[in-house]
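Okay, so here's the structure we're looking at.
By convention in this document, chain letters (A, B, ...) are assigned in the order of the sequence lines, proteins followed by strands, and residues within each chain are numbered from 1.
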Amino acid sequence: MGAAPNDNTGKKGISRQFMYLLTVLAILLPLVFPVGMPVSVTPWVEKGYQHVEKLNPGDKVLISFDYSASGAADIHPAAEAIFKHLMDKDVKVITVAFVAEGNRFPGMLMSAWEEQGKVYGEDFIHLGFLSGHETGLAALFADIPGAAPVDSRGNPVTSYPIMDGVKTVADCKMFIGLSGGNPGPQQYVRQLEPYQGVEIFTACTAAIAPTVEPYLASGQIVGLVGGLKGAAEYETVMGYAGKASANMDAQSFAHLLVIGFIVAGNIIHFTSKKNEGN
Amino acid sequence: MRTEVPVAIAVISGFIILIAHFFNIAPIQAAATHLQDWGILIAAFAIVVSAANLLMVHIGRLSNQREEAWKKVNSVIVIGLFLATAVTGVISRDHHVFNWLYDRIMLPLGVTFVSMNMFYLVTAAFRAFRAQSLEASLLLGAGIIVLLGNAPVVEAFVPWFSKAATWVMGAPNMAAQRGLMIGAAIGAVQTGLRVICGLDRSYL
Amino acid sequence: MLPEGRLFEFLYLIIIGFTMFYYSNQAKKGKVPKIARLPALDAVDEAVGRCAEMGKPLFFTVGSSEITDASTAQTLAGLTLMKYVATLAARYDVPMWVVNRYGATHVVAMDVVKQGYLEAGRPEAFKPEQVLFFSSEQFAYAAGCAGIMHREQVGAAFMVGQFMAEALYLAESAAALDCISIAGTARATQLHFFVAACDYTLIAEEIFVISAYLTQDPAQLGMVRGGDICKVIATILIAVGAISASLGSDIISSIISK
Amino acid sequence: MSTDLGIWLSALLSLAAFSFLIKENKFYNIAESAFIGVGTGYAFVMAWSNIQSKGFGQIAQGDYLTIVPVLLGLCLFGKMSKSTAWIGRYPAAMLMGMGSAIAIRGAVQSELVRQIAATCVPLNSVNNIIVVVGTLATVSYFLFSMKSTGSQLSGGINALSKLGRWVMMVSFGAAFANATMQRCAQLIDRLRFLFEEWIYLIR
């Protein structure tokens, strides 16, 4: 496209470095001094929360951690909030990862809860990483101890009390997919099709959240937490202000800053053009 | 011979994959599966060759008398960390040094570089979003609506913006994305066909 | 014999192949189509010339382009331009830095650049140590690219191929320099970053006509014509499909899913 | 402040990377070299484990056909010297042929046919009309050989393709702005690491 050649930002009015500095401040200040701006809750986060709320103590839930380090900023806060909700309700959690890098995240959550008295193998278990993306998904859903014979700590999964009576995914009440792309909501829905009765709840990056819309409308997915904002909404419904809520202030300021720069850019552009005309 | 045989290899392997996709012929499909496994294996060798290439460049720098000392320091860092990672990783993918290098160098740097995109987004927006022409104004208008619609604080006070943003993403944006994909798909198919029909040999 | 849902795909592929050869032959016989101007490609010569005038090197990368997966077509488009730019660089004696992310792409790119120098008649000017591989780790590669651009103070940056999250990073690293940036990708989710940050952008399908446009080879121009016919067919299918869907018939959708 | 040496290393490398925003400098150069060194090492380890499991491992199990790709892979080393570079063309050509076929397959299936099918929607709402007309206009922008012929038809196509450009501009603006959310989350995450885990500023 024949856009006008660069006017290098540095030359006109505001230097790059100054803009970078303002960006850091716009994000850092609200993190240090949280304002607690209101967060409006979207219906699909509310619905997802309600479905988790309906679970009984002792029910089992399967969570897959399908995001890598670069997606973690967007999804991990949601994972933390949902995990906390499940722990508060005494639900038993089985975790797995279909993305190699996702393997690190369940352990991070679990060790924090172990310090608070939860027991690995009774309250939760991590089955480790399974390769093959969608084929891995299909294999695990059909036969959990078969596809993942040993857990992430190297012991046979059948040796843990939490795995008693767990054969297929149908023995879990809910599947929660935390996705940074592939596998994602589409793959979850497709592979869980044969197991009616297992509810699907998903948290994904803001970028892919719009693609989940059709599944929500059709009822195949019961709830959606989209990106960092979704996590803040989930924290709001749960009634506590965690990391995501504090991050929301920063995100708001950053958005307003970008708009401010765009406005400033236009003002500088048009005033300098006027001056050239004179 | 030095061009004809490679072209023949490209044509044959390309057609095997395509035929296997469109027709249920068991032996061809088996061949295609084999071929794709071979592809992964050859690509793995290509990484080894490329890594060797990188090492050669840096070793060359170290042995070059006229090279600046500073560049030599960096070459030592590249070679040293490459060897540390490669050797410990080959011994065991779960080696504690290998994991440490991953957790303390590769992962944090990866996340840091990704996060620098936010700064670049700010400067790019500052330059590009200017109402210089009708086209640029459309870019600007759509951008501002989505920015306002996504800012959590705006959404809490003026929910209308969020709906407008969702609409822009869903209707005009979707239309453009589809149009782009359809056009690009036809171009991609032509480009691919030229290779597997042996017409394009520029890669040799 | 065709698995379900593949019939229409196969038909469309045959149509694309047929129109490509038919119009290519027509063009060879003298019916050469005229192609709309692409400012981004017109700027390529100027960009290399400017590097020569200012005594600055140029930078080229095809991004996250592989030659073993679905991005291969974009890789080829990028490599075509790479060879053309290499020829110009050799002719004007402009040092050319090339960085590749993937190993397999790297081994091919080494040859492509060398071939470009050979075609310019200056094979001795080719320096293999200026075609670099910086790990397949996405941002290690991107960091290396940015480092080279700034250390060498390049006068032109070419980024054509498949790009992922590194698109904005590379484009802005170039924009911070006094250099002409020419970019292009068919990846719809990154294209807007190039449009916003680069001087010239090849939008989506435009990268696939690079070779025809730069060489003005009749056979290839004919192929572009053939592609246009296929796009017209696509628009007719959509228009008829949408109208018939409004009238309550799903005839087109059912044909397409055959 | 943290007393963990690993956190210090990560934090200092992060700062060195950020310093590029001010100017390319020696600290950035170190971070870049460290990243390239470890990154290439990591890629090598992944490649090596593939070569072992899909190559030598298969041969050891009696699958002698695998010797072919291993030999082709070894041919790539020919590229390292000028006189033997030509033998590297055989494996490269094979990859190119395969890759091209995979690209064709993917483009026809998920980009061409599926997108056409998805656009055949009834024109019963403003949104659907915008999607259909917008898609047609965008496609017409790429009719390279029909835009500048000067005929009456090309006049119509030119008008439609202009509309296509406008639709694309709206899309580019919207998509760019939409990316702010995720990019912002990533920077928040990084600043949190620096100011929460390294120096305890955020409490």
Side-chain angles (χ1 to χ4, degrees), chain B residues 2 6 9-10 13-14 17-18 21 38-39 41-42 44-49 51 74 77-78 81-82 85-86 89-90 101 104-106 108-109 112 114-115 117-118 121 135 138-139 142-143 146-147 150 168-169 171-176 178-179 181-183 185 188-189 192 195-196 203-204, chain D residues 6 9-10 13-14 17 29 33-38 40-41 43-45 47-48 50-51 54-55 69 72-73 76 86 89-91 93-94 96-98 100-101 103-105 107 111-112 115 127 130-131 134-135 138-139 142 166-171 173-174 177-178 181 183-184 186-187 190:
Chain B
R2 287 186 181 183
I9 293 177
S13 43
I17 304 264
L18 261 198
H21 177 67
W38 289 13
L41 186 53
I42 296 173
F45 275 102
I47 293 176
V48 175
V49 173
N74 277 287
I77 295 176
V78 172
L81 284 174
F82 169 81
T85 315
V90 167
L101 289 165
R104 289 303 172 204
I105 297 182
M106 195 157 130
L109 278 175
T112 304
V114 171
S115 75
N117 268 325
M118 181 64 200
L121 198 125
E135 282 178 9
L138 287 168
L139 189 89
V146 174
L147 272 173
N150 280 349
V168 173
M169 288 305 290
N173 173 53
M174 167 116 78
R178 283 209 180 129
M181 268 196 231
I182 292 171
V189 171
V195 170
I196 66 168
Y203 56 89
L204 287 176
Chain D
L9 178 66
S10 303
L13 283 173
S14 298
N29 212 192
S33 300
F35 202 3
I36 290 172
V38 178
T40 312
F44 176 85
V45 172
W48 184 251
N50 263 332
I51 291 173
K54 286 192 193 296
L72 282 170
L76 285 173
W86 63 275
R89 286 182 182 172
Y90 299 100
M94 196 187 123
M96 226 15 142
M98 267 178 50
S100 300
I104 294 173
R105 194 174 77 185
E111 288 175 14
L112 193 53
Q115 298 306 322
N127 274 9
I130 290 178
V131 168
T135 307
T138 309
V139 173
F142 296 102
W166 293 345
V167 177
M168 280 195 277
M169 285 303 145
V170 170
S171 161
N178 205 45
M181 287 282 262
R183 305 287 187 239
C184 192
Q186 286 158 343
L187 185 57
R190 209 54 325 224

Look at B:Met181, B:Arg178, B:Met174 and state which one has the largest set of heavy-atom pairs under 4.5 Å with chain D. B:Arg178
Any non-hydrogen side-chain atom of D:Phe44 less than 4.5 Å from a side-chain atom of B:Val90? yes
In terms of heavy-atom proximity below 4.5 Å to chain B, should D:Ala43 be classed as side chain, backbone, both, or neither? both
Give, as side chain, backbone, both or neither, the part of D:Trp166 having an atom under 4.5 angstrom from any heavy atom of chain B. both
So which residue, B:Leu121, B:Leu101, B:Val195, B:Asn117, ends up with the most heavy-atom pairs under 4.5 Å with chain D? B:Leu121
Note: D:Gly97 and B:Ser13 closest approach over all heavy atoms is CA-OG, 4.2 Å
Out of D:Val131, D:Leu76, D:Leu13, D:Leu187, which one racks up the most heavy-atom pairs below 4.5 Å with chain B? D:Leu187
B:Pro108 and B:Thr112 have their tightest heavy-atom pair at O-OG1, 2.7 Å
If we define contacts as heavy-atom pairs under 4.5 Å, which of D:Met181, D:Met168, D:Met94 has the most with chain B? D:Met94
Distance-only, no hydrogens or angles: does the D:Ser10 side chain make a donor-acceptor pair with backbone N or O of B:Arg104 under 3.5 Å? yes
So which heavy atom on D:Ala93 is nearest to which on B:Pro6, and how close? CB-O, 3.2 Å
Top of D:Arg190, D:Glu111, D:Arg183 for chain B proximity - count of heavy-atom pairs under 4.5 angstrom: D:Arg190
Most heavy-atom pairs under 4.5 Å with chain B, out of D:Leu9, D:Asn50, D:Thr40, belong to D:Thr40
Pick one of side chain, backbone, both or neither for B:Leu18, based on which atoms fall under 4.5 Å of a heavy atom in chain D. both
Sort out for me which of B:Gly39, B:Ala86, B:Gly89 touches chain D most, counting heavy-atom pairs under 4.5 Å. B:Ala86
Determine, stepwise, if the pair B:Ile182 / D:Leu112 fulfils side chain to side chain contact (heavy atoms under 4.5 Å, CB included). CA-CA 5 Å; B:Ile182 292 171; D:Leu112 193 53; 3.8 Å; yes
Does any heavy atom of chain B fall under 4.5 Å from the side chain of D:Phe35, the backbone, both, or neither of them? both
For D:Ile104 and B:Ile196, run side chain to side chain contact (heavy atoms under 4.5 Å, CB included): C-alpha distance rounded to whole Å, both residues' side-chain angles, the deciding distance at 0.1 Å, then the answer. CA-CA 10 Å; D:Ile104 294 173; B:Ile196 66 168; 4.0 Å; yes
According to side chain to side chain contact (heavy atoms under 4.5 Å, CB included), who are the partners of D:Asn178, at least two apart in sequence or on a separate chain? B:Val146, B:Asn150, B:Met169
